[in-house]
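Just so you know, these numbers come straight off a predicted model, no measurement behind them. Both backbone and side-chain heavy atoms feed into the values below; hydrogens, waters and symmetry mates do not.
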Amino acid sequence: MKRISILFTFYIISIMAFGQQNLQDIVYLKNDTIIKGIIFEQIPFKCLRIFTSDGDTLIYKIDEVEKIIREPILNERESVKSKRGLKAGYQGIVEMGVSKAYPSNQANDYTACLKLNVINGYRFNPYLFLGVGIGLRYPYLENDIYLRNNWPSPVFNDFGVPIFLDIRTNFFIHKVTPFLAFSLGYSFDMNNNNPITREKNYSFSQINGVGLLLSPSAGINYTFSDTYGINIGISYESQRFKKYPLDCPRCLLNVITSSNCLSFNIGLLF
C-alpha cells in the first residue's frame, strides 16, 4: 500500500509540472507490457483508465502497474525528420563510378572503366527497394587497352551497356543508414569493331551480347528529405564473356570466363 501511494504521488506531481506540454502517458505493467496514451481517469489505489494511441480505452488495476512516466509526443515535423528517405513509392537512382580490375593483371586490365547506372524502381517499405536499371561502361585507359600482347578484349571493344535487376535493403530507419545491394543482368557490346584494324561500326546490327553480369555492393545512404538523398559505396562486378584465342584474334572460343573489378560509386536518390 505504501508503494502504491508513492507511485501516485509522483504521478500527480508530474501532471502538474508538465500539464501544459504536448506529452503522452506511458504505463509499464508488471507483465512487461507497455501502454502508450493519455490517462483520463484514475481512482487512487484502485484502477486507471487510459486512452491509447490506437483509439482503444483500457482499464488496469493499480496492482498491475509497475510504473508510470510521461514523455513528449513527437510532432509531425520531427516524425518525418526521423524517417527521412524511407517513404514508400517510386524511387529513382543515378549512380556514377570508376572501376579498376581486381585482381589486377594483364589479362583483365581492360575492365578499368568509367561507369554510369540509371535505376528506376519501387520502395516497398523503409527497408526494401526493387528496380530495373540500364548502365554504361566506358574504358578510361589508353585507346588500345583492349589489345595487349595479341590478346584483344572480348568484353567491351569500345563501350558496353548492361541491363539489370537491382535489389537494395537499408539496415535502419535513420537519416544515415548502411545499405546492401545486389544487381543481376546481362551486358551488350555496343560497338563490335575489329580488334586488329580498330575499324568502328556504330550500328544496331553490330550489337553483340557479352554475358551475365553479377554485382554486389555496399555503402551508406544519407537522405535530405523523404524523397531526396545520396549514397556512397563500393561494388564488385563480375562480367562473364567468351575468350578470343591467341592465334585467331578475330575468332571467339566457346570458353566462358569472367572479368572482375572493384568500383567506387556515388549516387543521387530521388
Side-chain angles (χ1 to χ4, degrees), residues 22-24 26 36 53 71-104 111-141 156 159-187 213-239 259-270:
N22 188 20
L23 303 173
Q24 67 177 348
I26 302 179
K36 294 184 179 182
S53 56
E71 70 173 13
I73 301 175
L74 291 178
N75 57 37
E76 183 177 355
R77 183 177 180 179
E78 291 173 328
S79 179
V80 171
K81 184 178 180 180
S82 67
K83 297 184 179 182
R84 284 179 176 174
L86 301 173
K87 181 180 179 181
Y90 166 81
Q91 184 176 73
I93 303 173
V94 176
E95 287 182 336
M96 296 176 291
V98 58
S99 66
K100 178 63 177 176
Y102 181 83
S104 180
T111 55
C113 64
L114 301 176
K115 60 185 291 188
L116 172 69
N117 290 331
V118 178
I119 306 170
N120 291 277
Y122 188 84
R123 178 168 292 283
F124 296 94
N125 55 52
Y127 303 100
L128 181 63
F129 167 84
L130 180 64
V132 176
I134 185 169
L136 179 67
R137 304 292 183 267
Y138 187 81
Y140 61 82
L141 298 179
F156 304 130
F159 65 91
V161 174
I163 298 175
F164 54 90
L165 184 69
D166 185 88
I167 183 169
R168 302 185 177 217
T169 180
N170 291 332
F171 288 173
F172 310 112
I173 306 178
H174 293 300
K175 180 173 67 174
V176 179
T177 176
F179 75 89
L180 290 177
F182 182 78
S183 297
L184 173 64
Y186 192 88
S187 296
L213 174 70
L214 301 175
S215 179
S217 60
I220 298 293
N221 280 334
Y222 181 92
T223 54
F224 303 106
S225 67
D226 60 357
T227 304
Y228 297 98
I230 61 173
N231 65 48
I232 299 174
I234 58 173
S235 64
Y236 179 84
E237 288 192 357
S238 179
Q239 176 66 64
S259 166
N260 307 305
C261 67
L262 284 176
S263 66
F264 173 79
N265 311 310
I266 183 169
L268 172 67
L269 288 69
F270 59 91

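Scanning both residues, Leu262 and Tyr236, for their nearest heavy atoms gives CD2-CD1, 3.6 Å. Of all heavy-atom pairs between Leu268 and Gly229, the closest is CD1-O, 3.4 Å. The shortest heavy-atom contact between Ile220 and Pro178 is CD1-CA, 3.8 Å.
Within a 6.0 Å radius of CG in Leu128, other residues, nucleotides and ligands contribute more than 12 heavy atoms.
Residues satisfying the salt bridge (Lys or Arg N to Asp or Glu O under 4.0 Å) criterion with Glu237, sequence neighbours excluded, are Lys115, Arg137. Partners of Tyr122 according to the ring pair (Phe, Tyr, Trp, His ring centres under 6.0 Å) rule, which considers only residues two or more places apart in sequence or in another chain, are Phe124. By the side chain to side chain contact (heavy atoms under 4.5 Å, CB included) test, Leu136 pairs with Leu116, Phe159, Val161, sequence neighbours left out.
With hydrogens and angles disregarded, a donor-acceptor distance shorter than 3.5 Å links the side chain of Thr169 to the backbone of Tyr127. Counting only distance, with no hydrogens or angles, the side chain of Asn170 and the backbone of Phe172 share no donor-acceptor pair below 3.5 Å.
Between the CD1 atom in Ile93 and the CG atom in Asn231 there is a gap of 6.5 Å [rounded to 0.5 Å]. To the nearest 0.5 Å, atom CG of residue Leu269 and atom CZ of residue Phe224 are 10.0 Å apart. To the nearest 0.5 angstrom, Asn265 atom CG is 9.0 Å from Ser99 atom OG.
Judged purely by distance below 3.5 Å, without hydrogens or angles, the side chains of Asn221 and Thr177 never pair a donor atom with an acceptor atom.
By the 4.5 Å heavy-atom criterion applied to side chains, Phe182 and Leu165 are not counted as neighbours.
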